[in-house]
K.L.:
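One structure is given below, represented as structure tokens, and several questions about it will come after.
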Amino acid sequence: MVECEQITKKAHTMIKGNTLSITAITVLASTLFTADISAATNESPYKSKYETVILYTNDVHCFADENIGYAGLAAYRKEMLKQTPYVAMVDGGDHLQGNAIGTLTKGENIVDIMNHVRYDFATIGNHEFDYGLDVLKARIDSSNTQYLASNVKYTGVSKDPFAKTVPYAIKRFGVNRIGFIGIVTPRSIGSSNPDNFKEDKKIVVNLCGQNNGQNLFDTVQSAVNSCRQNGANYVIALSHLGTSASVVPFDSKTLIANTTGIDAVLDAHSHSIIPFEKLTNKDGKEVILTSTGTGLERIGKLTVSAEGIKTELISDYKEKDPKIAALIARQKEALGAELNNEIGISNTNLSITTPEGARIVRNRECGIGNWVTDAMAFTAGTEIALCNGGGIRSDLKAGKVSYMDLLAIHTFNNKVTKLNITGQKLLDILESCYQHVGSEAVAADGTALNESGSFLQVAGLKLTIDASKPTPIKKSNEGTVIEGDRRVEDVLVKVNGNYEPIDPAKSYMVAVPNYMVNNKKGAGNVNEDSILEIFGIIPDAMAEHFKHIKGDLSQYANIEGRITVK
């Protein structure tokens, strides 16, 4: 790796002497990764005719040893290396957060695992921000994986958390020079906690989300052009954008339609399962779109050969790398006392899906959502509570309930926050968060329809959503407003144990996750001035409520009619 060392020394000297422009630094930083994937390639019996294999993961969310798991991924990598010396491994983001093994160490354990598995590149998912900028910087700095983020710009005055992140990198695989570009969803600030992007109460992370997506497209296009100019004959995007309607125009399909020069998009964020899909870019040329789902249920495999690019998803892989399995076991053992602390015994199964597997927690009322919001209201001393369905991630099984089980249900370290807001503000929040609800909940193939992480599970409310009406939510550069007939109707609020029609002029105490509170203007946003009190994290509220009702969750086995969709 002499080439890399010499370039690194030269870069440090030139940067110290202030002789490089920002653009030159970016290109030089990207060049650091053009060295051959194997230092031993010159002595290898393999020839350049061998295929290049890119293994990709996305939205693992700390499912370290569930499903295929990282030990399975490492084993599969070794299997591929028996077939070709040209193997790389990349991740599309949302790996540091999502399960107890990551949450309790703020992602430190996951970085350790990924270092041992030997990832080459990764991009930043919205949930990488969940522990704040200081922690994210520490995780990036301690990672052996090169982080890529073409559209992340730090505007603060402290230490740049993205100093070791580059827009793209080029790596040589025999005759191929493949460029990898990182793309972070501009929705991150809303889908993580806005406080995690701030210094002195000011947001200091620009994700190029202005001008209805055009800033994002232009920024990515600039990185693609530079990547091509520096010798890449293939360009692969690690895209944490997603494909769901709720993220348009910041979705991968719209990105493809508005850019050129990308050969394949390895997508993330929406947990979509896309083995291989062909789309056309701005010039009418084909671009491959693919995504593995979530939780390492599948490994993505992209193959570059003389015939071009193909992608496939590997599932039901059983082999495990013993060293990685042992590492994860040691990590879990070290956390065991806290993870396995028994909360009590549940008499009921609660699920985020239908019996057929459709994830309705993001488009309909469900029992586990009713329980989580009741627990939040119990902790905050309110009758009303709201929790976004995207924050409720896992089922609760009948039987022994541990703290780990509760962390798996709500993994985001969001704190129960008590607000004092008007009935009108509450109505505006509901209208904004239910804008994507459709008249049908489940498609013929058994998947949930019109899912949105912002869909609210509620306590202390009864309401109707008229899904036949178009959403009155209007977005512009000036903010979000409500214009036209509202979809949310017949809202009743619980007051002293009884339901009564909501009064827009009256003030109500409402418990919410603290991520819903920020200083941005808009129909669905809440100002920090509304905060009355902040409590512990939501899993602690669930534990407190669970003990209070002695594990009797039977009232949540069926929905109660809190949310009606017509």
Side-chain angles (χ1 to χ4, degrees), residues 61-62 96-100 102-107 126-136 188-201 203 338-339 341 343 361 368-394 403-421 425-426 429 433 453-460 508-520 524-548:
H61 284 295
C62 305
L96 295 183
Q97 182 275 352
N99 210 337
T103 301
L104 292 177
T105 63
K106 296 185 177 180
N126 53 299
H127 290 302
E128 263 66 78
F129 293 96
D130 282 356
Y131 309 117
L133 293 178
D134 288 343
V135 173
L136 177 56
S188 294
I189 295 175
S191 55
S192 180
N193 186 331
D195 287 343
N196 295 332
F197 300 81
K198 295 178 180 178
E199 290 176 0
D200 295 327
K201 297 186 177 182
I203 290 177
E338 187 169 0
L339 289 174
N341 179 33
I343 306 300
V361 71
I368 195 167
N370 290 347
W371 175 49
V372 170
T373 50
D374 279 0
M376 293 170 62
F378 177 78
T379 291
T382 65
E383 292 185 277
I384 304 169
L386 313 172
C387 186
N388 59 306
I392 303 173
R393 315 287 285 197
S394 183
Y403 191 61
M404 181 176 181
D405 296 323
L406 303 186
L407 285 172
I409 293 171
H410 199 286
T411 64
F412 302 113
N413 286 325
N414 284 319
K415 296 180 179 180
V416 177
T417 304
K418 185 177 183 178
L419 306 177
N420 180 6
I421 59 176
K425 172 55 68 176
L426 180 53
I429 293 170
C433 292
S454 63
F455 179 91
L456 293 176
Q457 300 292 330
V458 302
Y508 296 95
M509 307 301 167
V510 182
V512 301
N514 64 317
Y515 97 96
M516 290 180 65
V517 184
N518 60 59
N519 286 318
K520 295 172 67 178
N525 294 309
V526 180
N527 193 283
E528 290 176 340
D529 293 341
S530 302
I531 296 176
L532 292 177
E533 189 173 358
I534 298 177
F535 301 85
I537 62 174
I538 291 175
D540 289 344
M542 293 158 63
E544 183 180 2
H545 186 258
F546 186 88
K547 293 175 182 177
H548 176 72

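In what follows, every heavy atom counts, from backbone to side chain, and hydrogens, waters and symmetry copies are set aside.
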K.L.:
Please name the pair of heavy atoms, one in N370 and one in V458, separated by the smallest distance, quoted to 0.1 Å.
P.N.:
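Heavy atoms of N370 and V458 come nearest at OD1-O, 3.8 Å.
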K.L.:
Ignoring hydrogens and geometry beyond distance, is a side-chain donor-acceptor pair present between Y508 and N420 at under 3.5 Å?
P.N.:
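Absent: no donor and acceptor within the cut-off.
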K.L.:
Taking all atoms of both residues into account, what is the closest heavy-atom pair of G369 and I392, and its distance?
P.N.:
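Between these two residues, the closest heavy atoms are CA-CD1, 3.9 Å.
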K.L.:
Is it true that Q97 and T103 share a donor-acceptor pair across their side chains at a distance under 3.5 Å?
P.N.:
no
K.L.:
Report, as yes or no, whether the 6.0 Å neighbourhood of atom NZ on K418 holds more than 12 heavy atoms from other residues, nucleotides or ligands.
P.N.:
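Result for NZ/K418: enclosed.
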K.L.:
Can you tell me if CG on N341 sees more than 12 non-hydrogen neighbours from other groups inside 6.0 Å?
P.N.:
yes
K.L.:
Minimum heavy-atom separation for L386 to M376, with atom names?
P.N.:
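So the minimum-distance heavy-atom pair works out to O-CE, 3.3 Å.
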K.L.:
Do the side chain of Q457 and the main chain of V372 share a donor and acceptor less than 3.5 angstrom apart?
P.N.:
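Side chain of Q457 to backbone of V372: no pair is present.
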K.L.:
To check you understand the geometry: which heavy-atom pair defines the closest contact between P539 and L406, and what is its length?
P.N.:
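Minimum heavy-atom separation between P539 and L406: O-CD1, 3.7 Å.
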K.L.:
What is the distance from atom CD1 of I368 to atom NE2 of H410, rounded to the nearest 0.5 Å?
P.N.:
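Reported to 0.5 Å precision, the distance equals 11.0 Å.
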K.L.:
Consider only side-chain N and O atoms of T379 and E544, and report whether a donor and an acceptor are under 3.5 Å apart.
P.N.:
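Yes, a side-chain donor-acceptor pair sits under 3.5 Å.
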K.L.:
Do the rings of W371 and F546 sit parallel, tilted or perpendicular, given the 30° and 60° boundaries?
P.N.:
perpendicular
K.L.:
Any donor and acceptor pair, going by atom type alone, linking the side chain of N514 with main-chain N or O of K415 inside 3.5 Å?
P.N.:
yes
K.L.:
Test side chain to side chain contact (heavy atoms under 4.5 Å, CB included) on F535 and T417 and set out the steps.
P.N.:
CA-CA 6 Å; F535 301 85; T417 304; over 6 Å; no
K.L.:
Please check: side-chain N/O of Y131 versus main-chain N/O of L96, any donor-acceptor pairing under 3.5 Å?
P.N.:
yes
K.L.:
Answer yes or no: is there a side-chain heavy-atom contact under 4.5 Å between I531 and L419?
P.N.:
yes
K.L.:
Given I421, which partner from the list I384, V526, L532, V512 fulfils the side-chain contact (heavy atoms from CB on, under 4.5 Å) test?
P.N.:
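When I384, V526, L532, V512 are each tested with I421, the side-chain contact (heavy atoms from CB on, under 4.5 Å) holds only for V526.
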K.L.:
Without hydrogens or angle criteria, can the side chains of R393 and H61 be said to hold a donor-acceptor pair below 3.5 Å?
P.N.:
yes
K.L.:
Between V510 and T382, does a side chain to side chain contact (heavy atoms under 4.5 Å, CB included) hold up when you go through it step by step?
P.N.:
CA-CA 6 Å; V510 182; T382 65; over 6 Å; no
K.L.:
Take I203 and I189 through the test side chain to side chain contact (heavy atoms under 4.5 Å, CB included) and record every step on the way to the result.
P.N.:
CA-CA 9 Å; I203 290 177; I189 295 175; 3.9 Å; yes
K.L.:
Which heavy-atom pair separates E128 from L136 by the least distance, and what is that distance?
P.N.:
O-CD1, 3.6 Å
K.L.:
Within the distance-only criterion (no hydrogens, no angle test), does the side chain of N196 pair as donor or acceptor with the backbone N or O of D130 below 3.5 angstrom?
P.N.:
yes
